[in-house]
Amino acid sequence: MSTTTTATGHPADRAPADRTADRTSGEGSPEYAPTDRTVPTRARQRASYDRALVHAILDAGYVCHLGFVRDGAPVVLPTLYGRIGERLYVHGSTGSRPLRAAGRPKPASADGASDGAGAPGLPVCLTVTHVDGLVLARSAFHHSLNYRSVVVHGAAHQVTDPEELRAALDALVDQVVPGRAADARPANAKELAATAVIRLDLEEVSAKVRAAGPNDDAEDLALPHWAGVVPVAPATGSPVPSVDLDPSIALPAYLTAL
């Protein structure tokens with residue numbers, strides 16, 4: 001079965017109005033430059049380096065898979081992410097090994113300051129995928145998926161600046177539920193000390209999309225098997241209030257919009 005993603009307008013795709021500028025700033029060129037690592041070896045026609053498409057796919061989700069090498073073996077972890085402009089922020093705890101690796105002491109600059117310039121960081125590969133349809137062909141070989149996906153390569157660095165850390169945590173919360181960060185108590189000093197965030201610049205990036213029906217061989221078209229696409233879309237249920245919630249607190253508008 002081959003894997004391949006369509007842009008859809010889910011409510012969760014929308015960023016809060018006061019964060020729109022942050023999420024779309026620093027765009028520069030309308031496309032990312034292809035590299036050896038971002039050019040696929042098959043189905044190249046489905047690859048895209050369009051910056052707006054990459055941003056849309058990233059903004060439509062909140063779970064990523066972060067891959068890195070630990071003790072000589074590959075590791076892939078599911079985790080939350082958020083985007084601000086041309087940076088992704090990935091959530092973790094201060095005790096996690098990838099976070100510790102991304103926070104290794106950075107080489108000093110020419111004036112002796114260790115500001116992170118030129119720091120190697122932790123080599124990672126981050127992926128985000130949305131499944132939009134099950135593609136059923138007449139032959140088992142041509143079954144596939146309709147999907148949208150983004151792959152990011154680069155060096156991750158731990159966020160240490162307090163202001164950047166707070167902005168990153170707000171972005172992580174709003175990535176999951178747009179508007180929630182402004183409607184929750186911010187992390188206190190103890191919570192910040194137990195929370196780690198790594199950042200990954202959007203520089204070596206590609207998107208890949210499939211949005212089509214089955215690709216059956218001509219000799220199979222007369223076979224008596226159903227063929228087509230079964231749409232797949234995320235869904236949110238009705239919010240369930242906490243048992244200890246003050247009944248006078250109304251459901252926020254940003255939840256009714258989900």
Side-chain angles (χ1 to χ4, degrees), residues 5-26 52-66 77-94 96 99 126-132 147-150 152 156 159 162-200 202 207 231-258:
T5 175
T6 58
T8 55
H10 302 305
D13 295 359
R14 299 192 298 270
D18 61 348
R19 294 191 61 80
T20 300
D22 287 340
R23 293 172 69 94
T24 58
S25 62
L53 175 63
V54 167
H55 289 182
I57 294 172
L58 291 173
D59 293 349
Y62 47 84
V63 175
C64 68
H65 287 84
L66 181 71
L77 300 177
T79 187
L80 297 176
Y81 70 91
R83 182 177 74 86
I84 300 179
E86 291 299 316
R87 279 182 171 172
L88 291 182
Y89 291 94
V90 180
H91 180 265
S93 71
T94 53
S96 68
L99 271 297
L126 181 147
T127 65
V128 172
T129 304
H130 308 289
V131 176
D132 296 318
Y147 65 89
R148 293 159 289 147
S149 64
V150 165
V152 185
V159 176
E163 290 304 312
E164 184 181 8
L165 180 59
R166 290 185 183 278
L169 292 174
D170 283 350
L172 284 161
V173 172
D174 279 340
Q175 188 82 23
V176 180
V177 179
R180 181 62 179 177
D183 191 33
R185 175 182 64 79
N188 57 37
K190 182 179 179 181
E191 291 165 342
L192 286 175
T195 304
V197 173
I198 60 175
R199 68 170 176 264
L200 177 62
L202 293 174
V232 176
T236 55
S238 300
V240 179
S242 174
V243 294
D244 53 4
L245 181 69
D246 184 339
S248 66
I249 298 177
L251 188 70
Y254 56 80
L255 287 183
T256 62
L258 285 180

Problem set entry | side-chain contact (heavy atoms from CB on, under 4.5 Å) against Pro239, all qualifying residues, sequence neighbours excluded |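 Residues passing side-chain contact (heavy atoms from CB on, under 4.5 Å) with Pro239: Leu251, Leu255.
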For this session: Using side chain to side chain donor-acceptor pair (under 3.5 Å) as the criterion, list what pairs up with Asn188, not counting sequence neighbours.
Result: none
Exercise. Under the side chain to side chain donor-acceptor pair (under 3.5 Å) test, which residues partner Tyr81, sequence neighbours left out?
Worked result: none
Okay, side chain of [X], backbone of [Y]: is any donor-acceptor separation there less than 3.5 Å?
X	Y	answer
Arg166	Ala168	no
Asp174	Arg180	yes
His130	Ile57	yes
Thr129	Ser149	no
Thr256	Ala253	yes

For this session: Return each pair, listed once, that meets salt bridge (Lys or Arg N to Asp or Glu O under 4.0 Å) where at least one residue sits in residues 186-198; pairs must be two or more places apart or across chains.
Result: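 Of all non-adjacent pairs touching residues 186-198, those that pass salt bridge (Lys or Arg N to Asp or Glu O under 4.0 Å) are Arg185-Glu191.
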For this session: Give every residue pair that meets the salt bridge (Lys or Arg N to Asp or Glu O under 4.0 Å) criterion with at least one member in residues 237-258, sequence neighbours excluded.
Result: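 Counting only pairs at least two positions apart or across chains, no salt bridge (Lys or Arg N to Asp or Glu O under 4.0 Å) contact touches residues 237-258.
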Problem set entry | Matching residue for Leu202 among Val150, Val152, Leu126 - test: side chain to side chain contact (heavy atoms under 4.5 Å, CB included) |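 It is Val152; the other options fail the test.
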Problem set entry | Single hit among Val128, Val176, Leu80, Thr79 for side chain to side chain contact (heavy atoms under 4.5 Å, CB included) with Val63 | Leu80
Working to the nearest 0.5 Å, report the span between [atom1] of [X] and [atom2] of [Y].
X	Y	atom1	atom2	answer
Ile84	Gln175	CD1	CD	9.5 Å
Ile198	Leu66	CD1	CG	5.0 Å
Glu86	Arg199	CD	CZ	14.5 Å

Exercise. Under 4.5 Å between any side-chain heavy atoms of Arg83 and Asp59, yes or no?
Worked result: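 Sidechains of Asp59 and Arg83: in contact.
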Exercise. Under 3.5 Å, is there a donor-acceptor pair linking the side chains of Tyr89 and Glu164?
Worked result: yes
Exercise. What's the shortest heavy-atom distance between Asp183 and Pro252, and which atoms?
Worked result: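 For Asp183 versus Pro252, the nearest heavy atoms are OD2-CG, 3.8 Å.
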Exercise. Which heavy atom in Leu172 sits nearest to a heavy atom in Gly82, and how many Å separate them?
Worked result: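 It is CD2-N, 3.5 Å.
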Problem set entry | Leu169/Val197 under side chain to side chain contact (heavy atoms under 4.5 Å, CB included): CA gap, chis, key distance, verdict | CA-CA 8 Å; Leu169 292 174; Val197 173; 3.7 Å; yes
